[in-house]
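Here is the structure we will look at.
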Amino acid sequence: MNTTPTEQAIEVSHLVKSYAGVKAVNDISFTVPRGEIIGFLGPNGAGKSTTMRILTGYLPATSGQVSICGFPVASEADAVKRRVGYMPENNPLPDEMRVSEYLYFRGRLKEVPRRKLGSRIDEVLELCDLKRVRHKIIGKLSKGFRQRVGIAESVLAEPPVIIMDEPTIGLDPHQILIVRDLIASLRGRMTVLISSHILPEIEMTCDRVLIINQGRIVAQGTPADLRREVLGKSAYEIEAAGDLGALPFLLGSIDPGLSVASEGPADALGFRTIRLTTLNLDDAGEAILRACLSEGLRVRALSREHPTLEDVFLAATRRSWDAVAEDPSKGGSK
Amino acid sequence: MRHFFTILGHEVRMLLVSPSTYIAAVAFFLLMGFTFTTILEQYSTAPQDLSPASVFFNYYWFPVIFMVPLLTMKCLAEERRLGTIETLLTSPVTTVEVVLGKYAAAYLLYLIFWASSSGFFYILRRFAGDAHLIDPGPILGGYLFITVSGLFFIAIGVFASSLSRNQSVAGIICVVLLVGIILGGQYLANAPWLDREALLPLKEAVAYAQIAQHREDFTRGVVDMRELLFYLSGTVLALIFSILSVEAKLLHS
């Protein structure tokens with residue numbers, strides 16, 4: 001087994017997977033450098049789980065190439081399986097085993113040397129806060145514990161690539177926090193690919209985000225890039241009182257694209273909430289404030305809106321739905 | 001094959017915590033115990049032609065038909081239903097290792113059950129004090145038959161389990177296959193419509209696959225290579241089909 005050092009931990013090019021003529025994954029290409037944490041987003045049925053299963057070598061691809069740490073999944077499945085820790089969707093676990101027994105069994109299967117296995121199990125139990133339940137039967141554990149057993153299992157053999165399908169599903173906020181810290185602690189050492197529906201999660205932990213819909217990548221990049229690319233505009237909210245008639249002219253002098261999107265009713269003190277939008281992405285907050293003050297407007301608050309990843313996600317998926325609706329002959333199965 | 005023993009150990013443990021194993025064990029000992037005492041009662045009233053062991057092994061098919069499904073129905077069906085087959089096959093093990101490990105575990109327990117039935121003969125020897133009742137030939141031949149035919153029966157059970165994700169469906173498929181192979185052969189051997197000239201090759205094949213006849217030969221001490229080959233080739237075939245079935249299900253899932 002030669003370990004050729006390649007920069008890319010995961011390389012996917014023109015991956016296609018079809019089930020009975022329906023394309024679940026349609027020509028996806030992306031690469032993930034070593035040590036990066038990447039989030040995989042998409043609505044239900046977008047092809048996330050299918051892509052992950054192909055990456056682990058569990059399902060064969062219809063066409064295209066996938067390689068993990070430089071090993072092609074199709075021809076060197078064994079080498080790939082040794083390098084991937086995988087936690088499938090819904091986290092299947094055998095109900096009759098005890099937590100430590102299960103980890104021992106999985107460790108043996110993953111070829112962790114017998115001498116090191118005991119201490120390694122202690123380590124992952126500590127890491128995932130599972131020490132209290134190590135002798136409990138898995139079938140009797142709560143959802144949060146089961147989920148963490150699955151995570152512990154996937155990091156057990158210290159694989160260079162970890163793939164987790166919805167690791168935070170069904171966890172309470174406190175446990176989500178633990179999982180997030182856990183994933184963040186792997187940064188730099190391991191490459192992590194996680195899929196999730198919980199967008200703030202992805203935003204906080206992931207270096208990069210891939211949004212897929214209907215088997216295609218609709219957007220990818222850092223959360224900040226995505227905001228810029230997908231939404232393409234920035235918005236400000238200002239609370240001001242005074243003569244607002246001159247405001248549009250005033251704004252035009254700062255930035256021709258800046259316009260009033262909406263204007264709220266005046267409150268008891270005469271302040272209104274005004275929403276401004278512009279295509280220009282540079283921060284114009286200071287200029288707006290100065291212009292307003294120079295015209296004698298009383299300003300109480302000014303803020304720049306921070307679109308969440310949720311907005312990006314909705315915009316990106318909507319954009320891809322629209323693209324499909326325009327061209328019904330191609331691709332779309334649903 | 002380095003993971004074979006890991007999976008074997010795991011599977012034996014899983015079988016030992018599963019209720020169906022104990023149901024199988026209790027039913028087996030009740031049934032064979034009653035059979036044995038009935039045989040002894042017959043022998044105590046009137047002298048018989050055959051040794052008790054050969055009569056005892058005459059009823060081998062009855063426990064086989066419920067014990068094999070109880071031991072094997074879970075092995076692959078349950079993995080698929082829970083989805084643990086996905087974690088299992090994404091670790092560096094091959095489908096061959098998984099299927100063989102599970103097969104070997106079920107076979108081991110099957111042998112342990114039958115081996116403990118040898119206690120019956122020990123008790124008989126200890127208390128009857130009558131050496132002619134304990135003829136070692138039929139006993140050894142009988143156990144050899146159980147060991148060899150068990151290979152095939154358990155393989156059929158594993159194959160049935162690979163066909164479905166529901167363990168009861170797998171169990172029923174297994175019972176049907178076993179009844180078809182064990183009793184169907186007997187039925188076909190006596191079927192008059194097979195006597196026609198054109199069906200002669202089929203008739204020969206049926207005569208070859210007479211499991212009851214094999215048992216009789218074994219207990220008489222006749223170990224025929226062709227009969228051994230029948231079970232070994234059947235085992236290999238059933239296991240290959242199980243492996244293919246697991247892999248085919250992956251392709252289409």
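Proteins come first, then strands; the chains are lettered A, B, ... in the order of their sequence lines, and each starts at number 1.
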Near [X] [atom1], under 6.0 Å, is it more than 12 heavy atoms from other residues, nucleotides or ligands?
{"X": "A:Arg134", "atom1": "CZ", "value": "yes"}
{"X": "A:Lys116", "atom1": "NZ", "value": "no"}
{"X": "B:Phe29", "atom1": "CZ", "value": "yes"}
{"X": "B:Tyr22", "atom1": "OH", "value": "yes"}
{"X": "B:Phe4", "atom1": "CZ", "value": "yes"}
{"X": "B:Phe34", "atom1": "CZ", "value": "no"}
{"X": "B:Phe66", "atom1": "CZ", "value": "yes"}

Is any side-chain heavy atom of [Y] closer than 4.5 Å to one of [X]?
{"X": "B:Thr87", "Y": "A:Asn91", "result": "no"}
{"X": "A:Tyr58", "Y": "B:Ile85", "result": "yes"}
{"X": "B:Ile7", "Y": "A:Leu109", "result": "yes"}
{"X": "B:Leu88", "Y": "A:Arg106", "result": "yes"}

Check your understanding: Pick from A:Met97, A:Met87, A:Lys110: which one has the most heavy-atom pairs with chain B under 4.5 Å?
Key -> A:Met97

Check your understanding: Of all of A:Glu101, A:Glu111, A:Arg108, A:Glu89, which one pairs up most often with chain B through heavy atoms under 4.5 Å apart?
Key ->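 Heavy-atom pair counts peak at A:Glu111.
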
Check your understanding: How close do B:Thr84 and A:Leu93 get, heavy atom to heavy atom, and via which atoms?
Key -> CG2-C, 3.7 Å

Review point. Closest heavy-atom contact between B:Gly83 and A:Pro92?
Key: O-CG, 3.2 Å

Revision key, fill the gap. The interface call for B:Val17 against chain A, heavy-atom contacts under 4.5 Å, is side chain

Spacing of [atom1] belonging to [X] relative to [atom2] belonging to [Y], to within rounding of 0.5 Å:
{"X": "B:Glu86", "Y": "A:Leu59", "atom1": "CD", "atom2": "CG", "result": "7.5 Å"}
{"X": "B:Ser91", "Y": "A:Leu156", "atom1": "OG", "atom2": "CG", "result": "11.0 Å"}
{"X": "B:Glu11", "Y": "A:Phe105", "atom1": "CD", "atom2": "CZ", "result": "7.0 Å"}

Exercise for review: For the pair A:Lys81 (side chain) and B:Thr94 (backbone), establish whether a donor and an acceptor sit closer than 3.5 Å, ignoring hydrogens and angles.
Suggested key: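 Between the backbone of B:Thr94 and the side chain of A:Lys81 there is no qualifying donor-acceptor contact (under 3.5 Å).
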
Check your understanding: Among B:His10, B:His3, B:Arg2, which has the most heavy-atom pairs under 4.5 Å with chain A?
Key ->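 Most heavy-atom pairs under 4.5 Å with chain A: B:His10.
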
